[in-house]
**Student:** 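Below is one structure. I have some questions about it.
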Amino acid sequence: MTVPTPPAGADAGTGTATEIVRWGPEALTLHLTCGADGVARLAVNGAPGRAALPLVEVELAGQGRSGTSGKRHVDGAVSRRLRYAGHDAHPDRLTVRTHDPETGLRAATHFRRTGGLPVVHTWTELTAGERTAEVESVSSFVLSGVAGLLGAPGRWEQDVRIWTADNPWSGEFRWNGVPLGAAGLLDTGMTRFGQTGSKNRVTRTSTGSWPSSEQLPMGWLEGPDGVLAWQIEHNGSWHAEVADRFDEIYLFLSGPGQREHQWSVRLDPGESFGTVPVTLALAPDRDAAIAALTGHRRAVRRPHPDTTTLPVVFNDFMNCLMGDPTTEKLLPLVRAAAATGCEYFCIDAGWYDDERAGEGPGGVPGWWDSVGAWEPAPSRFPGGLAEVTDAIRAAGMIPGLWLEPEVVGVRSPLAAALPDEAFFRRSGRRVTEWGRHQLDLRHPAAVAHLDETVDRLVGEFGLGYLKLDYNIDIGAGTDSGPHGPGHGLLEHNRAYLRWLDGVHDRHPGMVLEGCAAGGMRIDHATLAHVPVQSLSDQQDESLIAAIAAAAPTAVPPEQGAVWAYPYAGQSDEEIAFTMVSALLGRVHLSGRLDLLAPRQLDLVTEAITAYGGYRGSLADAVPSWPLGLPGWRDDWLALALDTGGRTLLALWRRGGTDPVREIPVPAGTSDVVPVFPTAAPGEAVLDRTAGRLRVVLPAAPAARLLLLPRAASPLS
């Protein structure tokens, strides 16, 4: 294949370009070419054009960009020297090798397929040649020609929208899409005068150990002809960048870099570094793109029976004991949880310290800065913690405990017992964040402490569940010899994932729940290593509905833990509302069940029983949003899960004056069946001809879970 010579002012080489390889799923085919300059360039579903970029963007210390300036991470001087050096192509994988003749730096860029999905998983490995390489930035993926790919060549300012999700604490998954022009990326007209473009960019960046605080590490670009979605699969710092270049659009994705994250790595001759991996999906629309990413997430995560059986968990924290568990308070909750059908009972924060909630400074519990030893508090459990865990087992449930393994409080004896090297340090001083020190899991003493803790607790109390929380963001990282602090954080992040695998290897039946102040660590790297992920700390049942409805954009339904917290003062409609929020994900029941009236407890039990009838199908369910992605203040919300031949539809009415909503349903829908609650005011009438469902909920708040079969099929 021959590609035309780029116009004047372009930089895609001189003369003609030869196609080296064409690889990938049909819907997302990679085209790799090599021009007369020897530089390999990439396009998707077509030949690289005028704006084509090198396959890898690399910045070395002292060697910046060439051909442009500003804050962008493209047009690197080293990148323009990376010459094609060969490739290995197989049906399911592709590796392309390039090298820099000046520094000897070598790059191997890897691409992987995930079954027949329209996705590509990719990362790059750098290896220093005979000279030391001080790497300050390297792309995990970079692609130009995105506007043309999405059907908007020359019209990207208006016709390409960028979608990203704000992810505030207790307000997670807040999606918003705007045209690139409205996001600040304008066609300034300078390409007509031989210039590269605006030098502006749209960025999303996360710095520190909470990868999803402020923003989710994913997003998509939407044009007239399709959606290009991406996720950065890392549990630490990351960067995404979209900008114009020669009247086209490029997408740049990476882990940490020097400019944004204080990251750098020094590679001595022969040493290598692998970038953070990313995954791309190309599909006709948003829901199809998210379905493709969901399929990838399921295919590559660590297998665990929990993600197919979906047991119901009771956790004593949210709108319940709130970090103040005692034997006296827990035993009635154990009985009530068992009566509703819960299968796990997790004792949350506070079990390890004699100080009570509210005793500490700054509005935090007294035990906040003393965590780390993880021994049960005698004053809380006069007969021992085993009295409670034995009662949990006797009630037919599996006991669990809350841990915050990565931190040690400044008042904990562990703070003095472990060496300084086992903690994050900067400029030779141990880092303190909100009364806690951060363990560095690259150090064997830190890992040994955590392994001993888990093995002791599991052995002593027969635990089958651990909720692993993380309530601080430690910042840029930790000093690591010749490397930047951001590299110390990255290596700790990777060590944490290895530690999770080690726990699973030693305790194969153990269920690990990922949590970081709720949803501050929603990233696929973590999700690939834990079967359950906490979504939020939100305590308002009206607001958590918006979180639950949007969560499957980033977390497969069978992994997303949603709080349901009924309480004695609620009406039947309010109890149904809080329960429906959890019924299309993982039910994490809480609240003072022991104080509910028998009729209220029966309603909770009805919800759990209904969930047991279909939960096995959630492991393969495909999400969609018939009313659009949920807005934070929307009166009506809807989440649909296609489970093969039928759809489970959750609807919430949170307010407003209109009690009626018409909702599009899948083609062939033949009926509407109430799942929960089965006896409640309102109606749902199906118009098969129009393919619409008319729902009436007379008062708000109200919520319903409905089954929409496309052929006669039982609920189970």
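Count residues from 1 along the sequence. As a basis for the values below, the full set of heavy atoms in this structure was taken, side chains included, without hydrogen atoms, waters or symmetry mates.
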**Student:** How long is the straight-line distance from OG of S170 back to CG of D540, given to the nearest 0.5 Å?
**Tutor:** 10.0 Å
**Student:** With a cut-off of under 6.0 Å to the ring centre and 45° to the axis, is R592 in cation-pi contact with Y565?
**Tutor:** no
**Student:** Can you tell me if R654 uses its side chain to pair, donor with acceptor, with the backbone of A700 under 3.5 Å?
**Tutor:** no
**Student:** Over all heavy atoms of both residues, which pair between I608 and V587 is shortest? Give the atoms and the distance, please.
**Tutor:**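 Residues I608 and V587, closest heavy atoms: CD1-CG1, 3.8 Å.
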**Student:** Kindly assign one of parallel, tilted or perpendicular to the pair Y465 and Y344, based on the angle between their ring planes and the thresholds 30° and 60°.
**Tutor:**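 Tilted, since the angle between the ring planes falls between 30° and 60°.
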**Student:** Does CZ belonging to R661 count more than 12 external heavy atoms closer than 6.0 Å?
**Tutor:**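 Enclosed.
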**Student:** Any donor-acceptor pair under 3.5 Å linking the side-chain atoms of Y567 with those of T578?
**Tutor:**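 No.
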**Student:** For E214, I'd like to know if atom CD has over 12 heavy atoms of other residues, nucleotides or ligands within 6.0 Å.
**Tutor:**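 No, CD of E214 has 12 or fewer neighbouring heavy atoms, counting only those of other groups under 6.0 Å.
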**Student:** With a 4.0 Å cut-off, would you call R710 and D642 a salt bridge?
**Tutor:** yes
**Student:** Looking at side-chain heavy atoms only, is the closest gap between I290 and W625 below 4.5 Å?
**Tutor:**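 They are in contact (side-chain heavy atoms under 4.5 Å apart), so the answer is yes.
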**Student:** Please check if the side chain of T647 supplies one atom and the backbone of L649 the other of a donor-acceptor pair under 3.5 Å.
**Tutor:** no
**Student:** Ignoring hydrogens and geometry beyond distance, is a side-chain donor-acceptor pair present between D469 and W402 at under 3.5 Å?
**Tutor:** yes
**Student:** Without swapping roles, check the side chain of D671 against the backbone of P709 for a donor-acceptor pair under 3.5 Å.
**Tutor:** no
**Student:** Compare every heavy atom of C515 with every heavy atom of R521, then report the nearest pair and how far apart it is.
**Tutor:** NH2-O, 4.3 Å
**Student:** Is the closest basic N to carboxylate O distance between R586 and E343 below 4.0 Å?
**Tutor:** no
**Student:** Does a donor on one side chain and an acceptor on the other come within less than 3.5 Å for E222 and W163?
**Tutor:**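 Yes, side-chain donor-acceptor contact under 3.5 Å.
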**Student:** Distance-only, no hydrogens or angles: does the H296 side chain make a donor-acceptor pair with backbone N or O of H121 under 3.5 Å?
**Tutor:**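 Side chain of H296 to backbone of H121, a donor-acceptor pair under 3.5 Å: no, none is there.
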**Student:** If you measure from CG on L535 to CD1 on I544, what distance do you get to the nearest 0.5 Å?
**Tutor:**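 If I round to the nearest 0.5 Å, the distance is 7.5 Å.
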**Student:** Can you check side-chain contact (heavy atoms from CB on, under 4.5 Å) on L618 and L648, steps first, answer last?
**Tutor:** CA-CA 9 Å; L618 299 185; L648 286 161; 4.1 Å; yes
**Student:** Quick one: do H524 and H234 satisfy ring-ring contact (aromatic ring centres under 6.0 Å, His included)? Show the steps, please.
**Tutor:** CA-CA 7 Å; H524 179 67; H234 182 49; over 10 Å; no
**Student:** Does the S617 side chain pair with the main chain of Y614, one donor and one acceptor, at a distance under 3.5 Å?
**Tutor:** yes
**Student:** Hydrogens and angles aside, do W652 and S581 bring a side-chain donor and acceptor to less than 3.5 Å of each other?
**Tutor:** yes
**Student:** Backbone N or O of E558 within a donor-acceptor pair of the T307 side chain at under 3.5 Å?
**Tutor:** no
**Student:** Among side-chain atoms of D348 and N315, is any donor-acceptor pair under 3.5 angstrom?
**Tutor:**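 Note: D348 and N315 side chains meet the donor-acceptor criterion.
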**Student:** Check step by step if side chain to side chain donor-acceptor pair (under 3.5 Å) holds for S209 and Y470.
**Tutor:** CA-CA 9 Å; S209 53; Y470 181 54; 2.7 Å; yes
**Student:** So which atom in R646 and which in L707 form the shortest heavy-atom distance, rounded to 0.1 Å?
**Tutor:**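 That closest heavy-atom pairing would be CD-CD1, 3.8 Å.
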**Student:** Consider only side-chain N and O atoms of R297 and Q231, and report whether a donor and an acceptor are under 3.5 Å apart.
**Tutor:** yes
**Student:** Okay, side chain of R688, backbone of S670: is any donor-acceptor separation there less than 3.5 Å?
**Tutor:** yes
**Student:** State, to 0.1 Å, how close P224 and G151 come at their nearest heavy-atom pair, and which atoms those are.
**Tutor:** CG-O, 3.5 Å
**Student:** Under the 3.5 angstrom rule, does the side chain of N167 hit a backbone N or O of G519 as a donor-acceptor pair?
**Tutor:**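 Yes: the side chain of N167 pairs with the backbone of G519.
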**Student:** So does R653 pair up with E573, basic N to acidic O under 4.0 Å?
**Tutor:**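 No, no charged N to carboxylate O under 4.0 Å.
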**Student:** If you round to the nearest 0.5 Å, how far is CH2 of W230 from CG of L282?
**Tutor:** 15.5 Å
**Student:** Could you walk me through whether T205 and H239 pass the side chain to side chain donor-acceptor pair (under 3.5 Å) check?
**Tutor:** CA-CA 4 Å; T205 298; H239 178 72; 2.7 Å; yes
**Student:** Which heavy atom of L639 sits nearest a heavy atom of A548, and at what distance?
**Tutor:** CD2-O, 4.0 Å
**Student:** Taking the side chain from Q533 and the backbone from G514, do they hold a donor-acceptor pair closer than 3.5 Å?
**Tutor:** yes
**Student:** Does any non-hydrogen side-chain atom of L705 lie less than 4.5 Å from one of L584?
**Tutor:** yes
**Student:** Over all heavy atoms of both residues, which pair between L589 and C342 is shortest? Give the atoms and the distance, please.
**Tutor:** CD2-SG, 3.7 Å
**Student:** Give every donor-acceptor pair under 3.5 Å between a side-chain atom in residues 596-607 and any protein atom, sequence neighbours left out.
**Tutor:**
| residue | atom | partner | partner atom | Å |
| --- | --- | --- | --- | --- |
| R599 | NH1 | D572 | OD1 | 2.1 |
| R599 | NH1 | D572 | OD2 | 3.1 |
| Q600 | OE1 | A597 | N | 2.9 |
| Q600 | NE2 | A568 | O | 3.0 |
| Q600 | NE2 | Q570 | O | 3.0 |
| T605 | OG1 | L601 | O | 2.9 |
| E606 | OE2 | T678 | N | 3.1 |
| E606 | OE2 | T678 | OG1 | 3.1 |

**Student:** CZ of R298 to CD of Q559: how many Å apart, nearest 0.5 Å?
**Tutor:** 8.5 Å
**Student:** When you measure from the side chain of W175 to the backbone N and O of P630, does any donor-acceptor pair fall under 3.5 Å?
**Tutor:** no
**Student:** Which distance, rounded to the nearest 0.5 Å, do you find between the CG of D473 and the OG1 of T207?
**Tutor:**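 Result: 9.0 Å between the selected atoms.
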**Student:** OG/S212 to CG/D523 distance, rounded to the nearest 0.5 angstrom?
**Tutor:**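 Spacing of OG (S212) from CG (D523) equals 6.5 Å.
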**Student:** A554: what forms a side-chain contact (heavy atoms from CB on, under 4.5 Å) with it, not counting sequence neighbours?
**Tutor:**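 side-chain contact (heavy atoms from CB on, under 4.5 Å) check on A554 returns F173, L216, M218, I522.
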**Student:** Would you say the side chains of S206 and Q215 form a donor-acceptor pair under 3.5 Å?
**Tutor:**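 Note: S206 and Q215 side chains miss the donor-acceptor criterion.
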